[in-house]
Amino acid sequence: MNEVRVRFAPSPTGPLHIGGVRTALYNYLFAKKNHGKFILRIEDTDQTRFVPGAEDYIVESLKWCGIDFDEGVHIGGPYAPYRQSDRKEIYHQYALSLLEKGYAYYAFDSAEDLEILRKDSEKRKETFQYGPLSRMALKNSLTIDKEEVTRLLDTGHPFVIRIKIPEHETIVVNDLIRGEVKVESGLLDDKVLFKSDGMPTYHLANVVDDYLMKITHVIRGEEWLPSAPLHALLYRYLGWESVMPAFAHLPLLLKPDGNGKLSKRDGDRLGFPVFPLRWTDPKTGDISSGYRESGYLPEAFINMLALLGWNPGTEQEILSMAELIGLFSIDRVGKSGSKFDPEKARWINHQYLASAPDETIADLLEKIIVGEGIQADRIKLLQISGLIKDRANLIPDLWQQSWFFFRSPEKYDESVIQKFWKPETPGFLKNIAAMLEGHGTFDSATVEFSLKQFIQEQGLPMGQVMNSLRLVLVGGSFGPGVAAIIAVLGKQEAISRIYRALDTIGK
RNA sequence: GGUCCGUUCGUCUAACGGUUAGGACGCCAGGUUUUCAUCCUGGUAAUAGGGGUUCGAUUCCCCUACGGACUACCA
């Protein structure tokens with residue numbers, strides 16, 4: 001069997017949303033699983049929709065995800081160039097060969113003419129179709145005599161090249177996910193293959209490029225399923241039927257609210273990011289949030305996307321990229337669209353954070369505290385990381401769970417004061433401060449032991465003491481164990497926080 | 001409207017003719033805990049409807065309903 005070669009072929013019309021990332025991911029997993037090659041091709045045949053920065057965004061996003069390519073617009077490769085606008089000259093000859101073989105024809109109808117016909121059809125509640133039934137009544141090389149066609153072409157009259165769809169034929173496309181999909185050719189349109197601006201349309205370009213780049217499997221979104229028969233026909237007409245790639249049309253990612261496929265325009269409307277990375281619209285300046293900036297780990301992001309439409313067939317849900325590659329199979333890709341669940345995404349991220357080595361958490365935390373203008377030594381960072389990592393869902397939670405290790409609380413939660421600050425509280429807190437002052441070994445376990453012993457000796461209520469002590473240390477009712485906090489803060493800081501609180505809340 | 005695709009707990013999904021229809025997230029309850037989380041245990045909740053085929057249908061077929069995609073000189 002030939003080497004597996006798959007491609008991800010986005011058009012640079014804006015940021016990639018999570019559906020696009022998932023398509024790229026499945027292609028990547030399939031390629032890696034089969035020891036094949038993965039190619040990034042940019043489909044920019046529509047210059048009017050070009051968005052500056054989009055291509056870089058796509059490359060950067062996939063890089064962040066850990067999805068890398070063997071060939072592509074950003075790294076080159078044996079089939080370069082990988083940007084369709086750079087391949088412009090390639091396509092015309094294939095359109096011409098179709099023309100010669102009688103599988104395509106020139107059409108001279110203006111966009112306005114066609115628009116009028118469409119409107120008319122609409123009025124009659126019909127759909128205008130440039131196809132087998134109507135083409136003989138339109139302005140094209142099938143209806144105009146040869147000399148006139150030559151004259152039009154020579155004088156630079158705008159033209160497009162359309163495929164000549166056969167009238168009565170059942171076209172069968174075998175889809176790896178859906179099985180055989182059959183369509184009556186008469187229902188298909190004579191799609192434009194070559195535009196009047198000299199560029200091919202997607203239909204021609206993707207077939208030509210997939211052929212030239214020796215693509216073996218086309219794994220793409222379900223929105224392409226209706227045009228798959230057209231593509232199959234093109235392979236046949238171009239004489240490439242024997243090397244036509246296998247098709248797999250992935251189910252769509254749906255909007256979590258209501259229905260419909262997820263779109264770039266959903267932005268932040270849904271209350272969670274739809275993009276891997278933050279995106280700033282170059283035209284409007286509008287900013288859409290990204291998973292990276294929201295505090296997701298790329299591994300978790302990928303894990304969650306992998307499970308949206310595919311599952312390993314076991315009950316394992318936390319899967320590394322290596323495991324995904326080992327387990328991936330198109331057979332296990334579902335048929336129906338799925339809605340993204342932001343809650344589960346958070347849970348998955350939590351799993352990754354909680355099980356990460358302290359070193360990893362410390363690195364993440366260090367970035368945050370440096371941003372806060374704080375310096376901390378590695379040992380302390382590692383200690384803190386171990387205490388907080390299973391308390392965080394997203395990376396910013398790391399700071400929410402640990403800021404009090406670096407800053408003394410400025411204010412104290414009123415409701416906690418109400419609940420635990422009794423007349424006797426200042427008294428025993430002072431005694432605790434004194435006890436700590438004389439304390440030798442200052443690690444979490446010994447501090448905890450001393451604290452408990454002290455509480456017992458004094459006959460104090462445990463909850464009362466611990467909660468008020470917690471209040472003076474962190475300013476509220478949250479955080480890891482009190483003894484652990486004290487141990488990390490150190491003797492002097494812990495004691496000074498007790499006295500500071502006594503000054504603020506009252507003796 | 002036409003063509004095509006789809007339909008299992010609220011959500012992601014398992015069960016490729018025989019299961020008390022399983023798991024996960026969420027939610028609820030209990031437990032652990034000095035707080036809040038985590039964690040542990042339990043609970044909640046589904047085969048869209050109707051016909052077939054079959055000894056037996058979530059599973060195969062048909063119809064209906066619903067949802068979606070496509071229907072551009074966009075991808």
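Numbers restart at 1 for each chain; the letters A, B, ... are given by sequence-line order, proteins then strands. For the numbers below, each heavy atom of this structure counts, side chains included, while hydrogens, waters and symmetry mates do not.
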Look at all strands and tell whether [X] reaches a base, only sugar-phosphate, or nothing, counting heavy atoms closer than 4.0 Å.
X	result
A:Thr45	sugar-phosphate
A:Pro229	nothing
A:Val160	base
A:His249	nothing
A:Val192	sugar-phosphate
A:Arg332	sugar-phosphate
A:Ser336	sugar-phosphate
A:Gly309	sugar-phosphate

Should the pair [X]-[Y] be classified as a salt bridge under the 4.0 Å nitrogen-to-oxygen rule?
X	Y	answer
A:Asp190	A:Arg135	yes
A:Asp281	A:Lys283	no
A:Asp397	A:Arg391	no

Is there a Watson-Crick or G-U wobble partner for [N] with both distances under 3.5 Å, and which nucleotide is it?
N	value
B:G1	B:U71
B:C25	B:G10
B:C60	B:G52
B:G30	B:C40

State yes or no: are the ring centers of [X] and [Y] separated by less than 6.0 Å?
X	Y	result
A:Phe194	A:His203	no
A:Tyr26	A:Trp310	no
A:Tyr202	A:Trp224	yes
A:Phe272	A:Phe340	yes

Can you tell me how far [atom1] in [N] sits from the matching atom in [M], rounded to whole Å?
N	M	atom1	result
B:U8	B:C4	P	22 Å
B:A57	B:G52	P	11 Å
B:A45	B:G51	C1'	28 Å
B:G49	B:C9	P	10 Å
B:C62	B:C70	C1'	25 Å
B:U13	B:A21	C1'	13 Å
B:G10	B:U54	P	34 Å
B:U59	B:C40	C1'	36 Å

Is there a residue in [range] whose heavy atoms reach under 4.0 Å of RNA chain B, and which residues are they?
range	result
residues 163-180 of chain A	A:Arg178
residues 111-121 of chain A	A:Ala111, A:Arg118
residues 403-411 of chain A	none
residues 386-394 of chain A	A:Asp390, A:Arg391

Taking N or O atoms only and anything under 3.5 Å, show me the protein contacts with nucleotides 66-70 of chain B, one pair per line.
{"residue": "B:A69", "atom": "OP1", "partner": "A:Lys261", "partner atom": "N", "Å": "3.2"}
{"residue": "B:C70", "atom": "OP1", "partner": "A:Lys261", "partner atom": "NZ", "Å": "3.3"}

[X] side chain: which of [options] is closest?
X	options	result
A:His350	B:G6, B:U71, B:U38	B:U38
A:Lys452	B:C74, B:U34, B:U13	B:U34
A:Arg470	B:U71, B:C5, B:U34	B:U34
A:Thr201	B:U11, B:U7, B:C74	B:C74
A:Arg162	B:U38, B:C73, B:U3	B:C73

message: Heavy-atom nearest nucleotide on RNA chain B for A:Thr127 versus A:Val181: which residue maps closer to 5'?
response: A:Thr127
message: Tell me whether A:Arg162 forms a cation-pi arrangement with A:Tyr106, defined as NZ or CZ under 6.0 Å from the six-membered ring centre and within 45 degrees of its axis.
response: no
- request: Kindly write out the residues that satisfy salt bridge (charged side-chain N to carboxylate O under 4.0 Å, His left out) with A:Arg41, not counting sequence neighbours, or none if the list is empty.
  value: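 Applying salt bridge (charged side-chain N to carboxylate O under 4.0 Å, His left out) to A:Arg41 gives A:Glu43, A:Asp209, A:Asp210.
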- request: Indicate whether the side chain of A:Asn393 and that of A:His350 have a donor and an acceptor atom separated by less than 3.5 Å.
  value: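 No, A:His350 and A:Asn393 have no side-chain donor paired with an acceptor closer than 3.5 Å.
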- prompt: Going 5' to 3' along nucleotides 19-25 of chain B, which nucleotides have protein heavy atoms under 4.0 Å from the base (write B), which only from the sugar-phosphate (write S), and which from neither (write -)?
  reply: ---SBBB
Residue pairs fulfilling salt bridge (charged side-chain N to carboxylate O under 4.0 Å, His left out) with at least one residue in [range], sequence neighbours excluded:
range	answer
residues 402-417 of chain A	A:Glu372-A:Arg407
residues 342-354 of chain A	A:Glu317-A:Lys344
residues 176-186 of chain A	A:Arg178-A:Glu222, A:Glu180-A:Lys182

message: Going by ring pair (Phe, Tyr, Trp, His ring centres under 6.0 Å), A:Phe301 matches just one of A:Tyr291, A:Tyr296, A:Phe275. Which one?
response: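 Single ring pair (Phe, Tyr, Trp, His ring centres under 6.0 Å) partner of A:Phe301 among A:Tyr291, A:Tyr296, A:Phe275: A:Tyr291.
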- prompt: Does anything in residues 453-470 of chain A pair up under side chain to side chain donor-acceptor pair (under 3.5 Å), and if so which pairs, sequence neighbours excluded?
  reply: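 Not a single pair qualifies under side chain to side chain donor-acceptor pair (under 3.5 Å).
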For A:Lys195 against A:Thr45, the heavy-atom pair lying closest together: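 Residues A:Lys195 and A:Thr45, closest heavy atoms: NZ-O, 2.9 Å.
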Exercise: identify the closest heavy-atom pair between A:Ser294 and A:Pro273: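 Shortest heavy-atom contact: OG-CG, 3.5 Å.
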field: Residue pairs involving residues 444-475 of chain A (criterion ring pair (Phe, Tyr, Trp, His ring centres under 6.0 Å); sequence neighbours excluded)
entry: none
